Amino acid sequence: MSADRRIVCVGAGFSGAVIAREFAEAGHRVLVIDERDHVAGNCHTERDAETGIMVHRYGPHIFHTDNREVWDYVNSHATFMPYVNRVKAVSGGRVYSLPINLHTINQLFGTAMNPAEARAFIAERSRQDIAEPQTFEEQALKFVGDEIYKAFFHGYTRKQWGVEPSDLPASILKRLPLRFTYDDNYFNHAFQGIPAEGYTALVASILDHEGIETRLGSRFEDLDEAPLHLFYSGPIDRYFGHRLGRLGYRTLDFKEIRSADDEGIGNAVLNYCDADVPWTRITDHKYFAPWSLDETRGSLQFREYSRACEAGDIPYYPIRLVSDKDLLGRYVALAEAERRVTFVGRLGTYRYLDMDVTIAEAMKAGRAARAALETGDLPRPFYESAA
Ligand code: UDP
């Protein structure tokens with residue numbers, strides 16, 4: 001009978017781990033599979049043996065949230081250390097403060113404006129005639145005007161997404177704040193930090209329950225048991241064997257630079273906004289653990305290059321062009337017809353989710369699915385927040 005069948009989670013990232021834990025604590029048996037040889041998905045971290053630096057293997061991850069429940073949850077599985085992301089940007093051979101704040105504006109225009117002056121100055125330059133910006137470019141022009149757009153957003157965005165900003169949704173730029181003070185915290189959230197022992201230890205702690213079996217190096221396509229219910233956090237188009245075509249994703253290549261110089265680039269993140277520099281940013285990973293700078297040797301930097309994701313590459317960012325959204329709609333229709341599967345996470349729902357939103361959605365999806373199964377209903381096939 002179905003009672004002895006297991007819940008199966010495909011993907012051992014935050015989505016799969018949080019859902020697995022929810023079911024395990026309710027007395028279910030859960031199998032979590034992942035084709036890679038580690039848990040935590042693209043949040044995976046590992047300590048480099050030579051330098052002692054905790055490396056964010058698939059690019060930098062800074063935990064930031066306003067959601068108290070999510071913050072308490074991750075803090076119950078790891079010791080979080082205070083960390084404030086302060087990003088610098090290179091544009092036209094000069095270094096600027098990011099996100100766009102009073103310092104950036106004064107640096108770019110060679111001024112010494114106060115907040116009120118800068119606000120009026122930007123209002124004059126921003127495109128007030130754009131009522132409802134639809135694209136990234138319209139959003140940027142309305143938000144900051146042409147000079148700032150060209151200096152910081154056009155080249156970087158072109159490199160990061162591989163298309164013109166006029167083809168991208170405005171939502172991508174809405175991730176970034178604009179401030180008329182000298183506050184250069186990259187994020188606006190109440191809680192921010194990085195786990196002292198990295199994200200992989202955090203996810204391993206979530207999975208550490210007697211009801212959960214985690215099987216690494218195991219592909220979804222080779223799954224040989226019929227689940228009570230399946231939670232799928234891989235790419236939604238891959239689940240359906242790409243039968244309607246491939247959704248667009250960006251993948252990243254990292255060029256590692258080891259340096260004996262302890263100071264490295266001098267900061268955790270340096271963005272390169274000009275189109276003629278092929279990488280988007282350099283990250284210097286020792287600075288993601290400012291509490292342990294004395295315990296590491298040298299510096300370990302990664303130049304980050306973005307390109308189209310081909311078959312066999314690791315997908316990082318869903319692009320969500322209009323054509324992708326049409327195709328997604330057709331995959332969602334197929335997903336809705338699946339009876340015992342729920343699609344979750346950044347890849348399962350094809351959305352640009354941060355870690356905290358991924359966890360909040362996994363908590364909700366797990367709880368809702370558990371309640372549904374207990375009453376004999378079928379859980380929702382495609383999890384998407386109402387927002
Ligand atoms: N962005 C940009 N210039 C920058 C930083 C960001 O144009 O110096 C744009 C770019 O399109 C990027 C988006 O803003 O994809 C969101 O930036 P975020 O730093 O949130 O990107 P992530 O760290 O998730 O890659």
Side-chain angles (χ1 to χ4, degrees), residues 56 58-60 85-101 103-111 122 125-127 133 135-178 184 186 248-259 261 263-285 287 299-310 313-321 352:
H56 296 219
Y58 304 92
N85 201 28
R86 299 191 198 281
V87 176
K88 305 292 172 209
V90 178
S91 175
R94 291 170 185 266
V95 178
Y96 297 90
S97 173
L98 275 192
I100 309 297
N101 64 74
H103 201 177
T104 329
I105 298 167
N106 279 324
Q107 286 172 316
L108 185 66
F109 295 99
T111 48
I122 293 298
R125 285 173 153 67
S126 58
R127 287 276 305 278
T135 69
F136 184 109
E137 182 168 274
E138 286 176 359
Q139 177 73 24
L141 294 174
K142 182 180 169 71
F143 186 55
V144 289
D146 193 54
E147 293 96 333
I148 292 180
Y149 170 58
K150 288 207 176 106
F152 302 109
F153 297 122
H154 181 263
Y156 187 102
T157 298
R158 185 83 196 60
K159 291 188 287 185
Q160 172 69 15
W161 297 95
V163 291
E164 283 302 321
S166 50
D167 291 330
L168 287 168
S171 58
I172 295 177
L173 186 62
K174 289 185 188 153
R175 293 170 59 81
L176 306 184
L178 163 64
D184 63 350
Y186 203 71
Y249 301 90
R250 299 295 284 176
T251 192
L252 300 175
D253 294 322
F254 296 96
K255 183 176 186 307
E256 182 182 298
I257 302 163
R258 279 175 192 269
S259 156
D261 176 3
E263 284 166 335
I265 61 168
N267 197 40
V269 187
L270 202 48
N271 285 4
Y272 284 80
C273 300
D274 297 321
D276 57 357
V277 177
W279 55 88
T280 52
R281 57 187 175 187
I282 301 180
T283 52
D284 193 339
H285 288 214
Y287 290 105
S299 100
L300 197 44
Q301 302 155 26
F302 294 87
R303 272 191 199 155
E304 203 169 309
Y305 301 80
S306 172
R307 64 175 170 82
C309 184
E310 313 277 349
D313 290 330
I314 296 171
Y316 284 74
Y317 296 90
I319 306 179
R320 293 177 71 86
L321 297 179
Y352 190 175

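What's counted below: heavy atoms across the whole structure, side chains too, no hydrogens, waters or symmetry copies. On a predicted model such as this, the values are computed, not experimentally measured, just so you know.
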Novice: How long is the straight-line distance from CZ of Arg158 back to OG of Ser166, given to the nearest 0.5 Å?
Specialist: 9.0 Å
Novice: Do Thr135 and Leu168 touch side chain to side chain, with heavy atoms closer than 4.5 Å?
Specialist: no
Novice: When you check the gap from the basic side-chain N to the acidic O, do Arg127 and Asp146 get nearer than 4.0 Å?
Specialist: no
Novice: Quick one: does Gln107's side chain get under 4.5 Å of Arg94's, heavy atoms only?
Specialist: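 Answer no - side chains too far apart.
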Novice: At their closest point, which heavy atom of Pro99 faces which heavy atom of Asp184, and how far apart are they?
Specialist: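 Looking at all heavy atoms of both residues, the closest pair is CD-O, 3.8 Å.
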Novice: Return the minimal non-hydrogen interatomic distance between Gln139 and Pro133, and the atom names on each side.
Specialist: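 Smallest heavy-atom distance, with atoms named: OE1-CG, 3.2 Å.
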Novice: Rounded to the nearest 0.5 Å, what separates atom OG in Ser91 from atom OH in Tyr156?
Specialist: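 Going from the OG atom of Ser91 to the OH atom of Tyr156 covers 13.0 Å.
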Novice: To the nearest 0.5 angstrom, please state how far the CD atom of Gln160 sits from the CG atom of Leu252.
Specialist: 6.5 Å
Novice: Nearest 0.5 angstrom please: Asp284 CG to Ser259 OG, how far?
Specialist: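 Spacing of CG (Asp284) from OG (Ser259) equals 8.0 Å.
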Novice: Do Gln301 side-chain atoms and Gly264 backbone N/O form a donor-acceptor pair below 3.5 Å?
Specialist: no
Novice: Has Asp167 got a side-chain atom pairing as donor or acceptor with Leu321's backbone, closer than 3.5 angstrom?
Specialist: no
Novice: Any chance you could measure Ile105, atom CD1, to Ser97, atom OG, to the nearest 0.5 Å?
Specialist: 10.0 Å
Novice: Applying side chain to side chain contact (heavy atoms under 4.5 Å, CB included) to Asp313 and Arg307, what does each step give before you reach the verdict?
Specialist: CA-CA 10 Å; Asp313 290 330; Arg307 64 175 170 82; 2.8 Å; yes
Novice: How many angstroms lie between NZ in Lys88 and OH in Tyr186, if you round to the nearest 0.5 Å?
Specialist: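 Going from the NZ atom of Lys88 to the OH atom of Tyr186 covers 12.5 Å.
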Novice: Are the side chains of Trp161 and Ile172 in contact, using a 4.5 Å heavy-atom criterion?
Specialist: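 Side chain of Ile172 against side chain of Trp161, heavy atoms only: contact under 4.5 Å found.
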Novice: Scan residues 268-281 for pairs that pass side-chain hydrogen bond (donor to acceptor under 3.5 Å, both in side chains), counting only residues two or more places apart or in two chains.
Specialist: Arg281-Glu304
Novice: I need the minimum non-hydrogen distance between Ile257 and Arg303, along with the two atoms involved.
Specialist: CD1-NE, 3.7 Å
Novice: Indicate the atoms forming the closest heavy-atom contact of Phe136 with Pro165, along with that distance.
Specialist: CB-O, 3.2 Å
Novice: Does any non-hydrogen side-chain atom of Leu141 lie less than 4.5 Å from one of Phe153?
Specialist: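 No, their side chains stay 4.5 Å or more apart.
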Novice: For the residue pair His154 and Glu164, establish whether any side-chain heavy-atom pair is separated by less than 4.5 Å.
Specialist: yes
Novice: Does the cation-pi check pass for Arg175 over Tyr352, that is, NZ or CZ under 6.0 Å from the six-membered ring centre and within 45° of its axis?
Specialist: yes
Novice: Under a 4.5 Å cut-off applied to non-hydrogen side-chain atoms, are Val90 and Val277 in contact?
Specialist: no
Novice: Heavy atoms, side chains only, cut-off 4.5 Å: are Thr104 and Tyr96 in contact?
Specialist: yes
Novice: Can you confirm whether Ile100 sits close enough to Leu98 that some side-chain heavy atom of one is under 4.5 Å from a side-chain heavy atom of the other?
Specialist: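 In contact.
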Novice: Indicate the ring-plane relationship of His285 and Phe302, choosing parallel, tilted or perpendicular according to the 30° and 60° boundaries.
Specialist: tilted
Novice: Do any N or O atoms from the side chain of Tyr287 and from the backbone of Glu263 form a donor-acceptor pair under 3.5 angstrom?
Specialist: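 A pair under 3.5 Å: yes.
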Novice: Looking at every heavy atom in both Arg250 and Lys159, which two are closest together, and how far apart are they?
Specialist: NH2-O, 3.2 Å
